[in-house]
Amino acid sequence: MLLSLFVVNKAGGLIYQQNFSDTAAKLSSNDYLRLASTFHSIQAISRQLSPAHSRFGFGIERIETDTFVLQAFQSQTGVKFVVTATPETKNLKNFLRRLYELYTDYVLKNPFYELDMPIRCELWEVMLQLAAEEHQRSAS
Amino acid sequence: MTVYAFYLFDRQGNCLCYREWSRPKLMKDATQDQKNTFGVLFALKNFCKKLSPQQPGGQLKNYSTDVYSLHYFESATGLRFVLLTSRGTGDLSGVLRDIYLNVYVDTVTRNPLYVPGKSIQSQLFLSKLDSTIKALACFQDNEERKSTS
């Protein structure tokens, strides 16, 4: 079951946040901003800690804890899509790829959207909900 | 699948033990690397605690990047056991818990000569740690890598 989604721009600033479930952690908007920047820095340092050579140098892709898992996808331009879900959720990678497609179609191609600014596109929200529902249905 | 390295930190961030079995990318400065590792884990622990749907929860088990996985176990007293492996090994935080219970408690906690906060010099701890890690299924590749290179 999906819990929440964060979209982080290449500077580490939060540009979109959405909860998919009531059980997701309810935090203030400042907290979400802080969490997004923290994740951005943690990803950067995890690249330096790498004991082996990395071709792409993307940093953390997946975090597993006892109560949730977090999957992250970073595009070539540095935009990060981070989704949290309950531990048994499958196909998070595909869900993130689908989200990236939706981002390019409904956010980047929107002529009124400024790059790296908070996302306020209605169609993006609609399609995002549909994608989340489809993911829940295919999982059960 | 290879096992790269093992770190053991105490509550203050002192690295009590660092063991390395394979490290293709050499690090420039060992102390800086240990500090970075402790820092990342400290930040990640708070990050997970905040994001967790249930409180108390969000106990970090492992994270994966595109080339390595870091497995983590923290004891009730704040001792942090860290294992760096390649991807595909599954979750090894249970192995770290076994190392704590069977190796650390017996050879370090019960060692009357050990001073908390100092790095571990006990040969018994190091040899038991080595044999536990070498007994892991994912360690087999380390041997193959050595014999082919």
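Both the backbone and the side chain of A/Ile60 have a heavy atom closer than 4.5 Å to some heavy atom of chain B. In this structure, the portions of B/Phe47 lying under 4.5 Å from any heavy atom of chain A include both its backbone and its side chain. Only the side chain of A/Thr84 comes within less than 4.5 Å of a heavy atom in chain B; its backbone stays farther off. Residue contact with chain A, scored on non-hydrogen atoms closer than 4.5 Å, involves the side chain of B/Leu84 exclusively.
To the nearest 0.5 Å, the span separating NZ on B/Lys61 from CD1 on A/Ile63 amounts to 13.0 Å. With rounding to the nearest 0.5 Å, the separation of CG in A/Asp31 from NZ in B/Lys50 is 4.0 Å. One distance of note links CZ of A/Arg34 with CG of B/Asn46; it measures 12.0 Å at 0.5 Å rounding. Note that the OG atom of A/Ser46 and the CG atom of B/Asn36 stand 11.0 Å from one another [nearest 0.5 Å]. Going from atom OG1 of A/Thr67 over to atom CD of B/Gln59 covers 9.0 Å, rounded to the nearest 0.5 Å. Atom CG of residue B/Asp66 and atom CD of residue A/Gln74 lie 9.5 Å apart, to the nearest 0.5 angstrom.
In terms of non-hydrogen atom pairs under 4.5 Å with chain A, the most contact-rich of B/Asn62, B/Leu60, B/Asp33 is B/Asn62. Options B/Ser52, B/Ala5, B/Ala43 differ in how many heavy-atom pairs under 4.5 Å they form with chain A, and the most are formed by B/Ser52.
Around CG of A/Asp22, the count of heavy atoms belonging to other residues, nucleotides or ligands within 6.0 Å does not exceed 12.
Using a 4.5 Å cut-off on side-chain heavy atoms (C-beta onward), B/Leu51 and A/Tyr32 make no contact.
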**OP:** Dump the intermediate steps for side chain to side chain contact (heavy atoms under 4.5 Å, CB included) on A/Arg47 and B/Thr65, then the final yes or no.
**Re:** CA-CA 8 Å; A/Arg47 274 197 289 271; B/Thr65 73; over 6 Å; no
